[in-house]
Amino acid sequence: MEISTQDGERSMAEIMKSGTLEKLAQAVLEGAAEDAKRLTEKALSESLPPNTVLVEGLSAGMTVVGGLFRRNEMFIPEVLLSARAMRFGMEVLRPLLAETGAKPVGKVILGTVAGDLHDIGKDIVHMMLEGAGFQVFNLGINVEAHKFIEAFQEHKAPVIALSALLSTTMPQQKAVIEAFEKAGLRGEVKILIGGAPVTQEYADKIGADGFAPDAASAVLKAKELLGIS
Amino acid sequence: MAIKHQQPDLVPLFIRYVGAVSSKLSRIHGIAGRDLEIKLGNDGVIVQIGINAEYSHKVVPDGERWTSEWGVTYEGMRGISQPVDHPLKEPDVSGYIWPDPHKPERMAEIKQAMARYHSDYAVMVDLSCTFLEAGYAHLRGMEKFMMDLHLSRDFACQVLDGLNTYYTALGVHAIEQGIDIIRIGDDIAGQNGMLVPPKLWRELVKPRMESMIHAFRKANPNIIVKYHSCGDFSAIIPDLIDLGVDFIGTMQPCGQQVDMAAIKAKYGDKLAFLGGLDTQQLLPNGSPEEVREAVKDVLRSYAPGGGYVFMPGHYVNLDVPLENVWALLSAVHDYRRYPLNFD
């Protein structure tokens, strides 16, 4: 069979996808890191575009993980293993994505606010965002307000996502919003907040642009804030 | 008595205050520590020992680091210490030296508390951060230990075995001092359910808890065993009953635990409860009237027939305005008398 048109190539890719990309998504779901790496390589060797491998393989797997996690059908150890599997695939994919000039869906700066050392929830948000094709700048834990400003000035990410796991550190989310106001940058960013004690009501009260009750919702919310469907 | 499912004359109180709140109250009342908690109406005192004890009460200046006998490094951060470096860098426990649970000085604080309070008040010894939390929060780090549960199962089991050996011995020594309640547990749940799959918990933690509780009961058949986790751990409540746990808390009102009356109806004949009042929204942000109504609601759900000790769902934290502390205390004193009457 001779394939010369672009449409023809795509249909060939579709045929191959039914094998490899599905298996790749499955490997991410099962947290099988070595398989995820091997299947990413295999998909590329089948001439699938890197972006397709990302979206229809790795991200497709993470989307399923996000849904299961949200419904309490998957738990932290397994979600971490899925994230690890995704990372194994991403290591293969990342240089190729850069070469092909594929743009991330969006950019997000993420961190746990000052005085708060909880990182696992934030890290799960990180990998869910990455799984959905976002570029994430993870500033870590105990991040002072000015660090978010500096990161914004450097990376120009339009979404700032703030995690707080303690009722005593929630006011720091407000402090970050105020810091952006003071710096005259509030209009340039959307601020998304989350964490165990955080509610929509609190988000409204402090003037955040969005609230997400869990990691999978954070992805949806980030997309919504950026007008991405 | 309340824990043994008999209805006492009053709902017992056991309210805990974080250091900063305690200091404020202490300035008002002129006494501190356990004496202050008793003065504010508590019916029992708690002595914490083990990996959690040293760090959770140590106040060091911001940024100052210190290392515990477990080899965990902590850093002072806004009034509390937080773990920043873990001793088990690789999934290998072979070179790790476990602390010695038999050191007599480990019982010193329990002996003091027994001498001072036991004639009139219950004495509880807290061994929490007993299994998974000791592993993830202190010895190994969250992300690594959570993945070890699958990727390095043998190692994870060796860590849990080491903890079981240590805490069983430590708990038995504590029980031999004549205490009333022994508290074990880990924070294994979040806002909407378990952090780890219940099935995995049953495989890895439950059998170890079973041997531990067996040793405790051998030391004193009447010892009250209390289990603690933050968050919604309702998925494993039937397992806790299997294990012979008597008393659970702090029943944060989140996830399935929001329906307190349903929890009481389902398990109230087998378990006593501690906690229930919302410390995440209500206590810091509610009005004193709302706090009062919520206290009534918690008592209405959990207190009928006994089997309940009043406490908020966690410590009273420093974001709670003092007027809400007063509202909490006055409401609970007004409504805790049996037969319950909320008019």
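Note that the structure is predicted; figures quoted are calculated from it, not measured. Lettering follows sequence order; numbering is per chain, from 1.
- Neither the backbone nor the side chain of A/Ala83 comes within less than 4.5 Å of any heavy atom in chain B.
- Paired with B/His138 under the rule side chain to side chain contact (heavy atoms under 4.5 Å, CB included), one option of B/Phe145, B/Trp70, B/Tyr74 passes, and it is B/Tyr74.
- In this structure, the portions of A/Leu81 lying under 4.5 Å from any heavy atom of chain B include both its backbone and its side chain.
- With a 4.5 angstrom heavy-atom cutoff, B/Gln280 touches chain A via backbone and side-chain atoms both.
- Considering only heavy-atom pairs separated by less than 4.5 Å from chain A, the leading option among B/Gly193, B/Pro197, B/Pro284 is B/Pro197.
- For B/Leu151, the part lying near chain A is the side chain, with the backbone staying farther off; criterion is any non-hydrogen pair under 4.5 Å.
- With respect to chain B, the highest number of heavy-atom pairs below 4.5 Å among A/Gly121, A/Gly115, A/Gly31 belongs to A/Gly115.
- Under 4.0 Å is where a charged nitrogen must lie from a carboxylate oxygen, and between A/Glu178 and A/Lys174 at least one such pair does.
- Salt bridge absent: A/Arg71 and A/Asp214 never bring a charged side-chain N and a carboxylate O closer than 4.0 Å.
- Minimum interatomic distance between A/Leu110 and A/Val125 (heavy atoms only, all atoms of both residues): CD1-CG1, 4.2 Å.
- Of the listed residues (A/Glu73, A/Arg84, A/Met170, A/Met74), the one with the most heavy-atom contacts under 4.5 Å to chain B is A/Arg84.
- Of the atoms belonging to B/Gln281, it is side-chain heavy atoms, and not backbone ones, that fall under 4.5 Å from chain A.
- Ranked by heavy-atom pairs under 4.5 Å with chain B, the first of A/Pro171, A/Pro213, A/Pro197 is A/Pro197.
- Other residues, nucleotides and ligands place more than 12 heavy atoms under 6.0 Å from the NZ atom of B/Lys206.
- Using a 4.5 Å heavy-atom cutoff, the side chains of B/Leu149 and B/Leu200 are in contact.
- Within 6.0 Å of the NZ atom in B/Lys144, the count of heavy atoms belonging to other residues, nucleotides or ligands exceeds 12.
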